[in-house]
Amino acid sequence: SSWWSHVEMGPPDPILGVTEAFKRDTNSKKMNLGVGAYRDDNGKPYVLNCVRKAEAMIASKKMDKEYLPIGGLADFTRASAELALGENSEAFKSGRYVTVQGISGTGSLRIGANFLQRFFKSSRDVYLPKPSWGNHTPIFRDAGLQLQAYRYYDPKTCSLDFSGAMDDISKIPEKSIILLHACAHNPTGVDPRQEQWKEMAAMVKKRNLLVYFDMAYQGFASGDINRDAWAVRYFIEQGINVILSQSYAKNMGLYGERAGAFTVICSDAEEAKRVESQLKILIRPMYSNPPLNGARIASMILNTPDLRKEWLVEVKGMADRIISMRTQLVSNLKKEGSSHNWQHITDQIGMFCFTGLKPEQVERLTKEFSIYMTKDGRISVAGVTSGNVGYLAHAIHQVTK
Amino acid sequence: AYRTDEGQPWVLPVVKKVEQMIANDNSLNHEYLPILGLPEFRANASRIALGDDSPAIKENRIGSVQSLGGTGALRIGAEFLKRWYNGNNNTATPIYISAPSWENHNSVFVDAGFKDIRTYHYWDAAKRGLDLQGLLDDMEKAPEFSIFILHACAHNPTGTDPTPDQWKQIAAVMKRRFLFPFFDSAYQGFASGSLDKDAWAVRYFVSEGFELFCAQSFSKNFGLYNERVGNLTVVGKDADNVQRVLSQMEKIVRTTWSNPPSQGARIVATTLSSPQLFAEWYDNVKTMADRVLLMRSELRSRLESLGTPGTWNHITEQIGMFSFTGLNPKQVEYMIKEKHIYLMASGRINMCGLTTKNLDYVAKSIHEAVTKIQ
């Protein structure tokens with residue numbers, strides 16, 4: 001007999017499992033609107049030009065493959081902090097922060113979660129917006145924390161339930177942990193406006209909450225890196241010492257290279273050093289030190305003026321194509337004769353759109369039209385092209401009319 | 001990390017070649033790998049550990065999880081065991097780690113949640129070799145179902161491995177007492193220059209019908225340190241059990257790093273799946289192993305010619321990157337302060353730090369330390 005007889009078969013990952021089902025489908029019209037990976041207008045993965053150039057520069061330098069420090073590539077972590085905080089940020093200039101390289105967004109979130117479990121003794125509770133990225137919950141749970149929620153998405157309007165959110169946040173016990181999506185909320189695409197962020201910051205300060213920002217789409221949401229980081233920077237300026245997770249998977253197309261960073265804003269540089277030492281102690285027994293390739297590419301881009309300029313243009317290009325697909329989807333739905341209000345499709349921002357489709361409708365889309373998305377009605381707009389937007393609109397109209 | 005005779009890091013020629021191939025291949029992109037990793041990497045990595053003719057592979061009862069280096073493989077394995085071994089979420093299962101061992105072993109299992117971490121006798125300082133009897137006694141006394149971390153070859157830090165005969169004795173006790181073997185294989189090929197020889201223990205356990213884990217690292221044998229290339233090989237009773245195990249490992253991976261980095265795995269997969277590149281790699285590995293073996297024999301012969309008190313055969317009998325010289329902490333301090341030769345307080349030296357240029361100096365310094373300091 002086996003040691004593993006009692007091990008249950010785990011369910012397929014809800015998000016990544018969609019792609020796997022898509023791959024098995026033989027319908028030529030099939031569409032993968034599941035996982036959030038950018039596609040160009042031909043539906044192909046897009047390797048940024050600035051990435052190719054950075055790779056060529058790196059190859060020509062013939063560097064060795066020695067271990068990185070536990071905290072990662074210094075040029076990368078410093079540039080990451082500057083990208084998030086802004087070069088004029090007092091917190092950045094004074095050095096009262098620590099940034100460690102993480103395994104893309106997931107790894108960075110997990111480092112933070114483990115750090116909170118070990119050092120944030122005031123609370124075990126992490127408050128997530130309802131809904132949030134599916135993987136947030138198991139990440140915090142596996143780290144040993146508990147999950148709570150605050151109202152966020154209003155399914156009636158397909159937009160932000162701001163009064164509900166403020167009401168819930170006002171009741172969160174002091175010194176709890178609250179997670180906020182910095183921009184391009186996943187899965188809804190619904191972001192607070194700047195005046196709303198200001199009110200949330202004031203409330204969060206009043207409740208003395210620890211703020212954990214997840215920023216996976218800086219630059220990718222509006223096309224402007226400063227605009228997308230506005231909330232993070234505003235909170236810090238208000239004296240809220242946030243912790244932050246960044247990903248370069250989408251905004252630099254570095255998905256499989258796992259480039260990310262975890263940052264803690266501290267009271268001063270000395271505290272930052274102590275926090276850094278503890279982060280290293282957490283990281284070492286996870287994977288010793290992080291992978292170089294993605295971080296080196298990102299660092300080359302961020303730190304080389306020409307490449308950085310080119311990157312900003314390319315990330316705006318990706319964001320613009322997404323925005324254009326949203327517009328085309330709405331106009332195609334109108335053309336199909338749909339009487340529903342689809343404004344939320346263009347109001348929402350970033351890679352994802354919460355269509356408002358119900359699970360039964362999603363199932364029909366998959367079974368009858370080979371259109372794949374997650375059960376919650378979330379579509380990855382990045383998977384829409386000018387070639388298939390008509391088909392998508394047609395299919396959505398069929399299941400909603 | 002390995003160093004050339006000029007004391008420099010060494011990017012393997014086959015790695016440079018394959019990186020260039022990858023860079024020139026416009027069909028490649030940076031898309032996410034599957035959660036468990038690059039399929040060609042996983043299959044090849046496990047094949048390297050278990051052997052082309054492994055019965056476990058033929059019987060389709062092996063699984064692989066691409067991981068962030070050997071450390072990542074150990075951690076995923078530990079997290080799985082914590083949840084699913086010896087009941088569910090049984091953090092009380094004793095974990096046995098050799099005395100001494102790589103210090104991070106302890107941290108990996110502590111952070112995975114295990115509460116009872118113990119040591120098993122391993123290094124006999126008096127005779128500068130394996131304390132086999134102590135080891136076997138500890139296994140006899142260990143509670144059933146305890147987990148034992150075994151170094152597949154080139155024990156870190158002592159460089160002292162059980163002989164095949166000794167491994168057979170170890171396996172017999174473990175089978176009888178229902179102890180779980182978790183191998184750490186960080187030096188396959190790098191230790192002796194032979195992949196098969198360095199994997200002998202793992203393969204023997206598989207042939208004896210054990211279910212086991214083997215955490216593999218390609219940091220040293222491919223020189224891919226900073227690309228974090230590792231693999232957790234799972235050997236089970238049958239395909240169904242392995243499938244279920246992998247599905248649960250996926251869940252653990254998803255909350256740790258979602259999916260692993262692609263660059264290093266691609267380099268290894270490309271190399272291992274091409275007969276020509278594989279031969280080049282084997283040659284590169286042998287170059288590294290041979291240099292280390294040469295340094296060992298040169299150091300030993302110098303110490304013996306100098307008449308340095310004590311016996312020095314352990315220098316050549318030990319294997320891999322490290323050697324437990326037998327120097328005590330005071331002698332080590334002398335080496336560091338007076339001779340500017342850096343080694344661990346345990347007396348562990350990294351053989352890769354020796355070069356034809358510094359052999360004489362190192363030998364003379366050891367001689368001084370041993371004769372001047374007791």
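Predicted model only: the values in this text are computed from it and were never measured. In what follows, chains are A, B, ... by sequence order, proteins preceding strands, each numbered from 1.
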Measuring heavy-atom distances to chain B, does [X] have an atom under 4.5 Å in its side chain, in its backbone, in both, or in neither?
| X | result |
| --- | --- |
| A:Ser104 | neither |
| A:Ser1 | backbone |
| A:Ala37 | side chain |
| A:Arg52 | side chain |
| A:Val7 | both |

If we define contacts as heavy-atom pairs under 4.5 Å, which of [options] has the most with chain A?
| options | result |
| --- | --- |
| B:Val110, B:Val108, B:Leu246, B:Asn86 | B:Val108 |
| B:Arg254, B:Glu31, B:Gln263, B:Glu227 | B:Arg254 |
| B:Val242, B:Asp111, B:Val11 | B:Asp111 |
| B:Trp84, B:Trp257, B:Trp10 | B:Trp84 |

Discussion item. With a sphere of 6.0 Å drawn around NZ of B:Lys251, does it hold more than 12 non-hydrogen atoms of other residues, nucleotides or ligands?
Written reply: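 For B:Lys251, atom NZ is not crowded (no more than 12 foreign heavy atoms under 6.0 Å).
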Fill in: Any donor-acceptor N or O pair under 3.5 Å, side chains A:Arg110, B:Thr255
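A pair is found: one side chain offers a donor N or O, the other an acceptor, under 3.5 Å apart.
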Discussion item. I need the B:Asp240 CG to A:Ser5 OG distance, nearest 0.5 Å.
Written reply: 9.5 Å
Worksheet item: Are the side chain of B:Glu211 and the backbone N or O of A:Ser2 linked by a donor-acceptor pair below 3.5 Å?
Response: no
Fill in: Under-4.0 Å salt bridge between A:Lys65 and B:Glu19
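Judged by the 4.0 Å cut-off on N to carboxylate O distance, A:Lys65 and B:Glu19 do form a salt bridge.
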Practice prompt. Under 4.5 Å, heavy atom to heavy atom: which of residues 248-260 of chain A reach chain B? Give them by number, or say none.
Written response: A:Ala249, A:Lys250, A:Gly253, A:Leu254, A:Tyr255, A:Gly256, A:Glu257, A:Arg258
Discussion item. Quick one, B:Gln248 and A:Glu8 - any side-chain contact, counting heavy atoms below 4.5 Å?
Written reply: yes
Item to complete: Verify the ring-centre separation between A:Trp4 and B:Phe213: is it less than 6.0 angstrom?
Response: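 Ring centres of A:Trp4 and B:Phe213 closer than 6.0 Å.
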